[in-house]
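The next block holds one structure in the form of structure tokens; read it before the comments.
Within every chain, numbering begins at 1; the chains are lettered A, B, ... in the order of the sequence lines, protein sequences first and strands thereafter. These figures come from a predicted structure and were not determined experimentally. Scope of the values below: all heavy atoms of this structure, side chains included, with no hydrogens, waters or symmetry mates.
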Amino acid sequence: MNERQYENQKILLIDGHSILNRAFYGIPDLTNAEGLHTNAIYGFLNILFKVLEEEKPEYLTVAFDVHAPTFRHEMFEDYKGTRKPMAEELRQQVPVMKEVLQAMGIRIVEQAGLEADDLIGTLSKRGEKEGMNVVVLSGDRDLLQLATEKVKIRIPKTKQGRTEVEDYLAADVKEKYQVTPQEFIDVKALMGDSSDNIPGVPSIGEKTATKIIVEYGSIENAYSHVEELKPPRAAKALKEHYDMAQMSKALATINVDADFPYEFSEGKIGNLYTQEAYEYFQRLQFKNLLGRFDVESPANQIEDQFREITKEEEAEAVFEKAAGAPCVGIAFEKDTENVLPLFKDQAGLSGIGVAFGEDQIYNIRTSDTMTETYLLEKVTSLTESRAVISMFDVKAAMKQIQIRKPENTFDVHVAAYLLNPLKSAYETDDIAHEYLDLNIDEKLPAEKKTCYEAYTMFRAEKVLREKLREYEMEALFDEIEMPLVFTLSDMEKAGVRIAADQLKMYGSELGDKIEELEKEIYDLAQETFNINSPKQLGVVLFEHLELPHGKKTKTGYSTAADILEKLAPDYPIVSKILEYRQLAKLKSTYADGLANFISDDGRIHGTFNQTVTATGRISSTEPNLQNIPIRMELGRLIRKVFIPEEGYVFVDADYSQIELRILAHCSGDEALIHAYQEAQDIHRITASQVFHTPFEEVTDLQRRNAKAVNFGIVYGISSFGLSQDLSITRKEAGEYIDRYFETYPGVKAYLDGEVAFGKENGYVKTMFGRRRPIPELSSSNFMQRSFGERVAMNSPIQGAAADIMKIAMIRVGRALRSRGLKSRIVIQVHDELLIETKKEEVEIVKQILKEEMEHAADLRVPLIADMSQGSSWYEAK
DNA sequence: AATATCACG
DNA sequence: ACGTACGTGATATTT
């Protein structure tokens, strides 16, 4: 045996609980399908992999305290008070973390009676003796006392969301804290550490402690010169509490000579990416960590059933057989081979996946004889059969194929969204894993993936429908979401016409004004800089010009509009900047931005997304047509370029306060219902009742306040939020809320009920059964939980409004079609519909809109849709 | 890829 | 003591 076998080898020692703890508080809550919280484990692994890559150690060991968290020294009960028990969400992750590490073949040390600190301290000392380079990873600065020239302490810090690691060799400790690692113990002993139950010496804090130890090197030496100690306060304290100081030092000192069984060879890093670890990572759903594994996942048996079809006769036979099946899964395989990434939208097809049984899974290839057009036609005619066609994104598919029987179509994407609307993306692989227990290797060739996708669609139809039924969302799916797919498809195909040259003119006018403002700002600032950079702007305003600064963000000074607005009256440069910002936004996002989306037909065909929002609303992208300016006149002008085609006008219909009306209905509050049955101006009525003022005498201020309260209620009221909105104190805001609830006690009961329901069930739902899970409600973090409570109050209302609008859209679309009208829906903005209306059809369209919107749901209060028309969107609002 | 800002309901 | 209103998406800048 080589005596010096560990010489110059590197070992990484990890303080397990400390890193888990860091990760837990630094990473937003994650849970896997089993409901197990996973964020701390995920964060731990990310830090681990990062440090392994940076350090490339040969050895690795993770130390844990035996009882989590152990109190450093149980005998000093008095000082335990400040440490809180570990959050349940973290506690449950600890054993799993250990299992994961074991699965990766990583050595874990834990020993009753010894803290992780002591284990690490001892191992680092032993390692150093062996001639090893030691790296200690911990979130805890206590370990800095272990630093030497060969022992490096690494402390991860979450800075602005990213983890950065601070490194300390002995010299770095000295540089930063002015004392050696050894002396660091004495500093800590003097100042104390409540989180570690170290009492310290009263009235000595960090500053004094450091000063004393810098001068005297140790507590003992300081005590022997206690009469000379400055300040006198410290001298007195040390004299009186010397025993306390000595005890604290004992507490703060990490044991580097502990006795426990360990051989360095046990920490040798082998293959971390074992099959067992892979299975853990899958179970924990660490998808982006799975890529690190190079394991051959055992090919699923089902792959033996995949058939590639290249002959037309065989393809015909497959389609014929498929037409007789109860359900057919379809997948499109894009030919991305010969296409630049930029044009991947235009990529042709290389094949189509068709699956309608466990042994009926095909990939039909395109070729010279079987063209893309041919295959798409075959799929289109398949949609005439009695088979249910199951696909991933029906609206996208409808750009290629027609669907003859919408009622026989199943959109897996939409179904998966309803079952869990919180996911940021829905992918075939995930769905297969989550609902079918089928693990698809990501690195398969395209042909196999296509077969898998078709097969997944085939099987998911049944499973997801069953789940929808179980969750009581089948009607929502069949009667709202699936029909809406076709309504949205029509809207996207129709697009909206844009007056391109007018848009260009608007843009260049903005450009001129921006240039002017830019000059004026540089003039006032006496320097040039990038006004668009909040960082540079902050420096110019608050350092160079020394304006009073408000909030500081993590990165610097906030230059957000609400801060600048307070300064604007006193500083002309600030109002110029605000104006500049406004114009820059209009030009970049709207004038230039929209121009980029105008198609050859002179129209913008945006995308309306049905599977994005947590509440059930639709979202709009490429471009976003739901945030076109309206509040400021200058921005509102952009709506003049949204025009109908010749012979048409715009009819615009919007719901009047739909969310508050839903609140009235759902809460059943008689006073609120009565208010809506009576009057037009709900904010004035609210003001009158809340402030006990006759309706006619309500002041503008009272009405404004009441309006803010009404909004606040819908958002999930908090006195803080309301106080911000109204620029009043929290106390005043709280009083408004109290008075509101006194006036409408039913509303209070309803909102409380929603929160209680959410806590009980983990989700809330709309009157149409749409669910929104709220994992935050069970968080131990006050802020997260409060957020969950607001969500529980808001989602059923916002979601029901979305449901009602969807119903209206479907019915309006059907009514237009069934009457053979040319008019079409072109844009939806949550509570508003824009209809490009043939001039002769204006009256009937208005009638349809009013009828379908106002009767989309039967509430205890009237639903009101206001209508107007014009020759541009600007005029029609 | 993340952050700050700002447009809408 | 904590530190927020609910729901989105696009842009420019910076890492």
Side-chain angles (χ1 to χ4, degrees), chain A residues 84 159-162 164 421-422 529-538 551 553-564 577-578 580-594 596-597 606-609 612-632 634-636 638-639 654-655 657-659 708-709 711-726 730 733 737 764 772 774 776 780-799 801-802 805 827-832 877:
Chain A
K84 288 183 198 148
K159 256 192 175 175
Q160 303 161 33
R162 292 190 318 283
E164 281 177 13
L422 299 186
F529 62 100
N530 189 342
I531 308 167
N532 287 320
S533 161
K535 199 177 159 187
Q536 294 180 35
L537 181 61
K551 274 184 282 191
T553 59
K554 293 151 240 163
T555 45
Y557 307 95
S558 170
T559 66
D562 57 330
I563 307 271
L564 296 191
I577 288 165
L578 284 168
Y580 171 92
R581 279 234 182 110
Q582 209 189 354
L583 300 189
K585 179 92 177 179
L586 288 174
K587 179 159 165 60
S588 69
T589 305
Y590 298 103
D592 301 348
L594 287 177
N596 289 327
F597 287 100
T607 304
F608 290 97
N609 309 291
V612 169
T613 69
T615 53
R617 274 188 178 179
I618 287 164
S619 92
S620 161
T621 48
E622 294 183 306
N624 184 349
L625 296 171
Q626 293 180 320
N627 72 346
I628 305 301
I630 188 164
R631 293 172 192 168
M632 308 286 268
L634 184 65
R636 190 175 195 154
I638 198 99
R639 292 179 175 234
D654 71 301
Y655 277 116
Q657 293 153 354
I658 185 168
E659 293 184 338
V709 175
F711 268 99
I713 295 288
V714 171
Y715 289 156
I717 196 85
S718 79
S719 55
F720 181 88
L722 184 64
S723 70
Q724 286 283 298
D725 192 49
L726 288 176
R730 274 176 67 170
I737 294 167
V764 292
R772 156 132 195 208
I774 316 180
E776 294 89 347
S780 56
N781 178 309
F782 172 83
M783 208 181 73
Q784 293 227 332
R785 200 172 54 248
S786 304
F787 173 74
E789 288 167 0
R790 293 194 295 272
V791 165
M793 296 187 251
N794 170 266
S795 292
I797 299 172
Q798 190 184 121
M805 178 52 111
I827 288 175
Q828 185 255 39
V829 194
H830 310 308
D831 64 356
E832 170 192 359
K877 270 299 278 183

Measuring from A:Met793:CE to A:Ile717:CD1, what's the distance to the nearest 0.5 Å? 8.5 Å

Distance in angstrom units between A:Ile717 CD1 and C:dA5 P, rounded: 14 Å

Please state whether the base of B:dT5 and the side chain of A:Arg581 form at least one donor-acceptor pair under 3.5 Å? no

State which residue, out of A:Lys535, A:Gln536, A:Arg581, fulfils the side-chain hydrogen bond (donor to acceptor under 3.5 Å, both in side chains) condition with A:Thr559. A:Arg581

Whenever both distances are under 3.5 Å in a Watson-Crick or G-U wobble pair, mark it; put DNA chain C into dot-bracket that way, with [ ] for crossing pairs and | when the partner is on another strand. .....|||||||||.

What's the spacing between A:Ser723 OG and A:Arg730 CZ if we round to 0.5 Å? 7.0 Å

Rounded distance in Å between the P positions of C:dA1 and B:dC6: 33 Å

Closest heavy-atom contact between A:Val764 and A:Ser795? CG2-CB, 4.0 Å

Between CG of A:Asp562 and P of C:dT4 the distance, given in whole Å, is 13 Å

Pair A:Gln798-A:Val714, side chain to side chain contact (heavy atoms under 4.5 Å, CB included): steps then yes or no: CA-CA 8 Å; A:Gln798 190 184 121; A:Val714 171; 6.0 Å; no

Students often get this wrong, so: under 4.0 angstrom with heavy atoms, is A:Ile797 touching a base, only sugar-phosphate, or nothing? nothing

Rounded to the nearest Å, what distance is computed from the NZ atom of residue A:Lys587 to the C1' atom of nucleotide B:dA7? 17 Å

Among the nucleotides B:dA7, B:dC8, C:dT13, whichever has the atom closest to the side chain of A:Ser533 is C:dT13

Can you figure out which of C:dT14, B:dA4, C:dA5 approaches the side chain of A:Lys535 most closely? C:dT14

Looking at A:Arg631, does any N or O in its side chain come under 4.0 Å of the phosphate oxygens OP1/OP2 on B:dC8? yes

Gap between atoms CD1 and P, on A:Ile638 and B:dA7 respectively (whole Å): 12 Å

For A:Ile827 and B:dC8, what is the distance between atoms CD1 and C1' respectively, to the nearest whole Å? 12 Å

By the 4.0 Å heavy-atom rule, please label A:Ala708 as base, sugar-phosphate, or nothing. base

Closest heavy-atom pair and its distance - A:Ala733, A:Leu722: O-CD2, 3.7 Å

Tell me the interatomic distance from A:Leu586, atom CG, to B:dT5, atom P, rounded to whole angstroms. 18 Å

Partner set under salt bridge (charged side-chain N to carboxylate O under 4.0 Å, His left out) for A:Glu659, not counting sequence neighbours: A:Arg617

With heavy atoms under 4.0 Å as the rule, sort A:Gly716 into base, sugar-phosphate or nothing. nothing

Determine the contact category for A:Val714: base if any of its heavy atoms lies under 4.0 Å from a base atom, sugar-phosphate if only primed atoms, P, OP1 or OP2 are that close, otherwise nothing. nothing

Which part of the nucleic acid, if any, lies within reach of A:Ala561 when heavy atoms closer than 4.0 Å are counted: base, sugar-phosphate only, or nothing? sugar-phosphate

Listed nucleotide nearest any side-chain atom of A:Arg730, set C:dG3, B:dG9, B:dA7: C:dG3

Can you give me the closest heavy-atom contact between A:Tyr590 and A:Asn627, atom names plus distance? OH-O, 2.6 Å

How would you summarise protein contacts on nucleotides 7-12 of chain C per nucleotide, using B for base, S for sugar-phosphate only and - for none, with heavy-atom distances below 4.0 Å? BSBBSS

Provide the distance between the two P atoms, one in C:dT4 and one in B:dT5, to the nearest whole Å. 14 Å

Nearest heavy-atom pair of A:Glu832 and A:Met805: which atoms, and what distance? N-CE, 3.2 Å

Identify whether any heavy atom of A:Gln536 sits under 4.0 Å from a base atom; if not, whether one sits that close to sugar-phosphate; answer base, sugar-phosphate or nothing. sugar-phosphate

Considering non-hydrogen atoms only, spot the tightest contact between A:Leu625 and A:Ile628 and give its length. O-CG1, 3.7 Å

Rounding to an integer number of Å, can you tell me how far A:Ile577 CD1 sits from B:dA4 C1'? 15 Å

Quick check against the 3.5 Å criterion: does A:Arg790 have a side-chain atom that pairs as donor or acceptor with the backbone of A:Tyr715? no

Rounded to whole Å, please give me the gap between CZ in A:Phe529 and C1' in C:dT14. 17 Å

